[in-house]
Amino acid sequence: MRTSRIRTTALAAVTAALALGLTACGGADGDSKAAGGNNAAGTTQSRSASDGDGKGAAEQIESKRTTVGAQQCRGDELLVTAVHRFAGQQGDHLLVTASNEGTKPCWVTSYPAVKLGDDAAVLPHSKKDNPGGDKRITLRPGGKVYSAVNLFDYGSRHQTAQSLAIALRGADGHQNPYYSVVMKGEKQRFSWNEADVLNWSTEKPYDF
């Protein structure tokens with residue numbers, strides 16, 4: 001009788017432990033999911049681990065590691081192109097695209113230093129641009145950023161060109177070496193009396 005009671009007590013303890021385990025896993029039926037699955041508890045946990053953009057916690061950590069480990073982009077690892085857009089119209093500008101062709105992440109900041117054609121003058125930053133251009137934008141391999149040269153042609157005593165030179169700016173604002181960028185697209189020649197430059201951005205400016 002004593003042995004039977006011990007066995008019964010042990011069996012009850014095992015059954016209780018098993019029930020608790022099934023409850024933690026979402027239930028004992030065939031449709032139950034482990035924590036983090038499609039059940040209510042899993043959905044709540046998944047949402048709490050993600051930010052407003054839908055990135056998971058692991059993705060955020062990886063992104064921070066990438067940014068911290070990245071070096072400033074160099075001219076020899078960037079593919080830079082320029083396209084004349086809205087020629088002769090309101091919003092006439094040169095779209096500048098920089099793509100990371102290297103194998104490691106790198107960052108750009110501020111706005112590119114730009115010289116148009118044979119003009120040695122460095123274009124100013126646009127007064128209408130949004131603040132915050134001193135932040136670093138990290139480009140993963142294959143990633144792209146955009147800037148734009150706003151062109152203002154008043155129709156007299158203007159200059160014309162079909163190429164430009166750009167230099168990246170360091171975190172201290174100083175310019176790195178310049179290199180030439182040849183225009184692409186149908187209307188490669190452009191004219192200007194005045195011009196200025198926008199910050200680097202992950203989105204194309206004037207893309208409407």
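Please read all numbers here as calculations on a predicted model, not as lab measurements.
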Would you list the pairs meeting disulfide bond (SG atoms under 2.5 Å apart) in which at least one residue belongs to residues 72-117, sequence neighbours left out?
C73-C106

In the single-linkage hydrophobic clustering (I, L, V, M, F, W, Y; side-chain heavy atoms under 4.5 Å), do V96 and V108 co-cluster?
yes

Closer than 3.5 angstrom, by distance alone: can the side chain of N100 be matched with the main-chain N or O of G143 as a donor-acceptor pair?
no

If every non-hydrogen atom of A98 is compared with every non-hydrogen atom of V80, which pair is closest and at what distance?
CB-CG2, 4.1 Å

For the CG atom of D153 and the OG1 atom of T160, what is their distance to the nearest 0.5 Å?
9.5 Å

What are the two closest heavy atoms between T138 and A70, and how far apart are they?
CG2-CB, 4.2 Å

Among residues at least two apart in sequence or on other chains, which ones pass salt bridge (charged side-chain N to carboxylate O under 4.0 Å, His left out) with D76?
R74

Same apolar cluster: V114 and L78, side chain cutoff 4.5 Å:
yes

Between the CG atom in D92 and the CZ atom in F152, the distance rounded to the nearest 0.5 Å is 9.5 Å

Solution key, residues 191-198 side-chain donor-acceptor pairs under 3.5 Å, sequence neighbours excluded:
residue, atom, partner, partner atom, Å
N193, OD1, Y154, N, 2.3
N193, ND2, S156, O, 2.8
N193, ND2, R157, O, 3.4
D196, OD1, N150, ND2, 2.8

In Å, rounded to the nearest 0.5 Å, how long is the span from CG of D129 to OG of S147?
8.0 Å

Applying disulfide bond (SG atoms under 2.5 Å apart), which residue pairs with at least one partner in residues 143-189 are found, sequence neighbours left out?
none

Please, which pairs that meet ring pair (Phe, Tyr, Trp, His ring centres under 6.0 Å) have at least one residue in residues 112-131, sequence neighbours excluded?
Y111-H125

Approximate separation, where rounding is to 0.5 Å, of Q162 CD and H84 NE2
11.5 Å

Hey, mind stepping through R85 and L94 against side-chain contact (heavy atoms from CB on, under 4.5 Å) and telling me if it holds?
CA-CA 6 Å; R85 304 178 84 197; L94 309 178; over 6 Å; no

If we only count heavy atoms from C-beta on, is the W200 to P112 side-chain gap below 4.5 Å?
yes

With sequence neighbours left out, what residues match H158 under ring-ring contact (aromatic ring centres under 6.0 Å, His included)?
none

Separation between CD of E101 and CG of L139, rounded to the nearest 0.5 Å
10.5 Å

Search all heavy atoms of A171 against all heavy atoms of R136 and return the closest pair with its distance.
CB-NH2, 3.8 Å

Taking every non-hydrogen atom, the tightest pair across A161 and G117:
CB-CA, 3.6 Å

Sorted by chain and number, sequence neighbours left out, side-chain hydrogen bond (donor to acceptor under 3.5 Å, both in side chains) with D118 holds for none

Tightest non-hydrogen contact, residues G170 and Q72, listed as CA-NE2, 3.3 Å

List in chain and number order the residues that pass side-chain contact (heavy atoms from CB on, under 4.5 Å) with K144, two or more places apart in sequence or in another chain; answer none if no residue qualifies.
T97, S99, Y146

Note, T109 side chain near I137 side chain (heavy atom, < 4.5 Å)
no

Contacts of A82 that satisfy side-chain contact (heavy atoms from CB on, under 4.5 Å) - sequence neighbours left out
L164, V181, M183

CG (L151) and CZ (F86) are apart, to the nearest 0.5 Å, by 12.5 Å

side-chain hydrogen bond (donor to acceptor under 3.5 Å, both in side chains): pairs with one or both residues in residues 176-190, sequence neighbours excluded
Q175-Y178

Testing the basics here: between R169 and G173, what is the closest heavy-atom pair and its distance to 0.1 Å?
NH1-O, 3.5 Å

